[in-house]
Colleague: 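My structure is below; once you've seen it, I'll send some questions.
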Amino acid sequence: MAGLGERAYAAKQVFDWIHRRGVVDAAAMTNLSARLRARLTEGGLAPGVVVPERVHRSADGTRKIAVRLRDGALVETVLLPAVSGSTAEPDADAAAADDEDDDGAASSPVATDAPRTRVTQCISTQVGCAMGCVFCASGIAGLKRHLGPEEIIGQVLLGRSLLEEGEDLRNVVYMGMGEPLNNYDATARSLRLLTHPDGLGLSTRRVTVSTSGLVPEIGRLGADFGGTVALAISLHAADDATRSALMPINRKYPLAELMAALRAYPLPKRRRITIEYTLVAQRNDDAAEAKKLAKLLRSVPVKINLIPMNPIDASSLGPPARDRVLAFQKVLTDAGYSCFVRRRRGDDVSAACGQLVLIGAKPKVKGFRAAGETPG
Ligand code: SAH
Ligand code: SF4
């Protein structure tokens, strides 16, 4: 604003319009002068940064939104309402940002009101992804470009505008398309905006960054945010040979380095790192692998989410049989870990990371469900 010769207070007003009211069209910012509105519009503060192209609603209430960006690229964001009546362990992707040391399950700020539904939003940070994980649609597509912070935060503003009656946006997880730490500056800026008290005001511990394990950037994130941003690590294997075969990034940052980075992450007391483990039949689903995992994770406070792989068009890999999943889980729970089997929500509208965008409207996957899960 100083650069435009405006008073500094106008910056506050514009910030409030965008982040609190979700208005990104300068022309609609009625408390600004007409001159400033015109200049901001010229500068690009106009609608169209993120435009919902398709919204797929699945039976479990999950909404997957294909988002069109200004250059025509598509990314996806997903709204995941907590399953009604669920308690301390929220479902699916929300798991990483779980509420274990929070104010109790499904409580409403005003006790007499109808209970409110907590929604977790999953957002993308890149168009495609450079990491090339063999089970991932985004990885197979390759990296097209990074998103800017306005496109990352724009997904959240859009998501908030699509909330339904009784829903509150509670958690944001960076688990959509792309590797957030491979787009560090935009990711960090979006984290600051999401958690800004004058904007959406989410608490950092309700925001989870999921990474395939970029060691230097894990250190940077820990330093920049004092360890308060919740961290999810896509591990998917407990030895280097297995992990490198699934995730090429492991050749650059092998397990010993990754584990050292996790031990060094300045995690606040009582918080844990989420370990994501996508189970791929014949690749990483053996009970022996679970035993190795139990040993590997001993020195780090973690909770483990097992995600049976969602089949994707571009790969013949798939999830293990249910008894294999349960046997794998049992090894870890017997070893004393908190370990849950997650299904990726919205199975009937193509659930795996990046799939909605990459395969268009065509639903492919009929969900694999582990014991104890209710159909969506
Ligand atoms: N790039 C980051 C965040 C996006 S991917 C990361 O890899 O952590 C979010 C999660 O979805 C990761 O744990 C990833 O391994 C998982 N995922 C990707 N494709 C999947 C598939 N086909 N089935 C199950 N999980 C998948
Ligand atoms: Fe990228 Fe994550 Fe997919 Fe790997 S799993 S290719 S890091 S988006």
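As the structure lists them, so they are numbered: ligands from 1, and atoms in each ligand from 1.
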Colleague: Evaluate the criterion salt bridge (Lys or Arg N to Asp or Glu O under 4.0 Å) for residue pair Arg324 and Asp286; output intermediate values, then yes/no.
Modeller: CA-CA 7 Å; Arg324 304 265 295 172; Asp286 204 84; 3.7 Å; yes

Colleague: Dump the intermediate steps for salt bridge (Lys or Arg N to Asp or Glu O under 4.0 Å) on Asp168 and Arg118, then the final yes or no.
Modeller: CA-CA 5 Å; Asp168 292 321; Arg118 294 171 173 186; over 6 Å; no

Colleague: Which atoms from ligand 2 have a heavy atom of Ser212 less than 4.0 Å away?
Modeller: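 Numbered from 1, ligand 2 contributes 7 (S).
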
Colleague: Answer with yes or no whether Ser234 contacts ligand 2, where contact means a heavy atom under 4.0 Å from a ligand atom.
Modeller: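 No, that is not the case, since the closest heavy atom of the residue is not under 4.0 Å from the ligand.
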
Colleague: Any chain of hydrophobic side-chain contacts (each under 4.5 Å) joining Leu143 to Val127?
Modeller: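 No, separate clusters.
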
Colleague: Sequence neighbours left out, what pairs pass side chain to side chain donor-acceptor pair (under 3.5 Å) with at least one residue falling in residues 213-233?
Modeller: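 Counting only pairs at least two positions apart or across chains, the side chain to side chain donor-acceptor pair (under 3.5 Å) contacts touching residues 213-233 are Tyr184-Asp224, Asp185-Arg220, Thr204-Thr228.
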
Colleague: For atom 10 (C) of ligand 1, which of the options His236, Met309, Glu276 provides the nearest non-hydrogen atom?
Modeller: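 Residue with the shortest heavy-atom distance to the ligand atom: Glu276.
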
Colleague: Could an N or O of ligand 1 be found under 3.5 Å from any N or O of Phe135, whether backbone or side chain?
Modeller: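 Indeed, backbone or side chain, Phe135 has an N or O that close.
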
Colleague: Considering only heavy atoms, does Cys133 approach ligand 2 within less than 4.0 Å through its side chain, its backbone, both, or neither?
Modeller: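 It is both parts that get close, each with some atom under 4.0 Å.
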
Colleague: Considering distance alone, does some N or O of Cys136 sit under 3.5 Å from an N or O of ligand 1?
Modeller: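 N/O-N/O distance under 3.5 Å: no.
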
Colleague: Pick whichever of Thr278, Asn182, Thr211 has a heavy atom sitting closest to atom 25 (N) of ligand 1.
Modeller: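 Nearest heavy atom to atom 25 (N) of ligand 1 lies in Thr278.
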
Colleague: State plainly whether the residues Arg35 and Glu6 are in salt-bridge range, i.e. N to O under 4.0 Å.
Modeller: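 Yes, charged N to carboxylate O under 4.0 Å.
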
Colleague: Within Cys136, is some N, O or S atom less than 2.8 Å away from atom 3 (Fe) of ligand 2?
Modeller: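 So Cys136 counts as coordinating atom 3 (Fe) of ligand 2, yes.
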
Colleague: Just go through Gly318, Pro308, Gly139, Ser234 and tell me whose heavy atom is the nearest to atom 6 (C) of ligand 1.
Modeller: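 Considering heavy atoms of Gly318, Pro308, Gly139, Ser234, the nearest to atom 6 (C) of ligand 1 sits in Ser234.
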
Colleague: Start with the C-alpha distance between Arg251 and Asp240, add both sets of side-chain angles, then the distance that settles salt bridge (Lys or Arg N to Asp or Glu O under 4.0 Å), and finish with yes or no.
Modeller: CA-CA 8 Å; Arg251 290 186 207 120; Asp240 281 317; over 6 Å; no

Colleague: Would Tyr174 count as being in polar contact with ligand 1, using the rule that some N or O on each side must be under 3.5 angstrom apart?
Modeller: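 Min N/O separation from ligand 1 is not below 3.5 Å for Tyr174.
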
Colleague: Quick one: which of Met247, Met131, Met177 has a heavy atom closest to atom 7 (S) of ligand 2?
Modeller: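 Answer by nearest heavy atom: Met131.
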
Colleague: Closest by any non-hydrogen atom to atom 4 (C) of ligand 1: pick that one out of Ser210, Gly176, Pro180, Pro319.
Modeller: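 Among Ser210, Gly176, Pro180, Pro319, the closest heavy atom to atom 4 (C) of ligand 1 belongs to Gly176.
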
Colleague: Can you tell me which residue among Glu179, Glu151, Gln126 is in a side chain to side chain donor-acceptor pair (under 3.5 Å) with His146?
Modeller: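 Going through the options one by one, the only one that passes is Gln126.
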
Colleague: Regarding Arg63 and Glu164, does a basic nitrogen lie under 4.0 Å from an acidic carboxylate oxygen?
Modeller: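 Yes, Arg63 and Glu164 are salt-bridged.
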
Colleague: Would you call Glu42 and Arg39 a salt bridge, taking side-chain N to carboxylate O under 4.0 Å as the test?
Modeller: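 Salt bridge absent between Glu42 and Arg39.
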
Colleague: Looking at ligand 1, would Pro311 count as a contact under a 4.0 Å heavy-atom criterion?
Modeller: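 The answer is no, since Pro311 has no heavy atom less than 4.0 Å from ligand 1.
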
